[in-house]
Amino acid sequence: MDDVPAYMRARRDDPDTSHGAAERAAEFAGKHKARIFAALRQASSGATNDEISRMTGIDPVAVARRMSELANDGLVEDSGLRRPTPTGRSAIVWRIKAAQAASA
């Protein structure tokens, strides 16, 4: 579920610490995506990044990064709905794409 190479997770001119973090991220990103996908499967009305974070225990920033990757992979999509975050901002409600839900 994760085929983003480590070199694409950090810019060429980033410090060495960023490149190290990018390599570590590649190790757990696939596991995160699988946990997020499983959580969305359980959330019949979809879920926001904050809701997914609470369901999975994954940091909200990491959830946001994985959601864009899952969307690019064609696995999830913006449902068109919005729900308020704990801070009151409007958040995307994500859902599993119909083709993915049907094949599960």
Side-chain angles (χ1 to χ4, degrees):
M1 223 180 219
D2 185 40
D3 55 356
V4 178
Y7 75 86
M8 291 181 70
R9 295 183 185 275
R11 292 178 297 271
R12 186 175 39 222
D13 58 346
D14 280 348
D16 290 340
T17 53
S18 292
H19 290 277
E23 288 176 18
R24 287 188 303 282
E27 294 172 12
F28 58 76
K31 291 178 185 174
H32 281 182
K33 286 165 67 171
R35 286 172 50 196
I36 289 167
F37 194 79
L40 272 179
R41 200 177 287 284
Q42 298 297 315
S44 59
S45 63
T48 66
N49 290 349
D50 285 320
E51 293 164 348
I52 294 167
S53 174
R54 286 194 300 276
M55 289 187 286
T56 61
I58 299 170
D59 181 81
V61 173
V63 169
R65 289 190 177 120
R66 301 297 84 81
M67 293 313 296
S68 65
E69 293 171 6
L70 286 165
N72 288 337
D73 293 345
L75 300 174
V76 302
E77 63 188 357
D78 179 338
S79 69
L81 301 173
R82 300 292 181 268
R83 283 202 279 261
T85 67
T87 62
R89 292 181 24 222
S90 181
I92 293 170
V93 176
W94 295 97
R95 68 179 176 204
I96 295 174
K97 283 187 109 172
Q100 296 301 318
S103 67

Hey, could you give me the [atom1]/[atom2] distance between [X] and [Y], rounded to the nearest 0.5 Å?
X     : Y     : atom1 : atom2 : answer
Ile36 : Glu69 : CD1   : CD    : 9.0 Å
Lys97 : Asp73 : NZ    : CG    : 10.5 Å
Leu40 : Arg95 : CG    : CZ    : 11.5 Å
Ile58 : Lys31 : CD1   : NZ    : 11.5 Å
Met67 : Lys33 : CE    : NZ    : 10.5 Å

Nearest heavy-atom pair of [X] and [Y]: which atoms, and what distance?
X     : Y     : result
Arg66 : Ala29 : CD-O, 3.6 Å
Ile52 : Ala47 : CG1-CB, 3.6 Å
Ala98 : Glu77 : N-OE2, 4.4 Å

key: Co-members of the apolar cluster containing Val61 [side chain, <4.5 Å]   =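 Direct or chained contacts put Val61 with none.
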
message = Would the distance check show the side chain of Ser79 and the main-chain N or O of Val93 forming a donor-acceptor pair, the cut-off being under 3.5 Å?
response =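 Pair found, side chain donor or acceptor close to backbone of Val93.
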
Side chain Arg35, main chain Thr56, donor-acceptor under 3.5 Å =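 Here the side-chain-to-backbone pair exists.
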
inquiry  = Among residues at least two apart in sequence or on other chains, which ones pass side-chain contact (heavy atoms from CB on, under 4.5 Å) with Ile92?
reply    =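 side-chain contact (heavy atoms from CB on, under 4.5 Å) check on Ile92 returns Asp78, Arg82, Trp94.
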
inquiry  = More than 12 heavy atoms of other residues, nucleotides or ligands under 6.0 Å from CZ of Arg65: yes or no?
reply    =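 Result for CZ/Arg65: open.
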
query = Does any pair with a residue in residues 42-53 pass salt bridge (Lys or Arg N to Asp or Glu O under 4.0 Å), and if so which ones, sequence neighbours excluded?
reply =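 Checked against salt bridge (Lys or Arg N to Asp or Glu O under 4.0 Å) - neighbours excluded - the pairs reaching residues 42-53 are Glu51-Arg83.
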
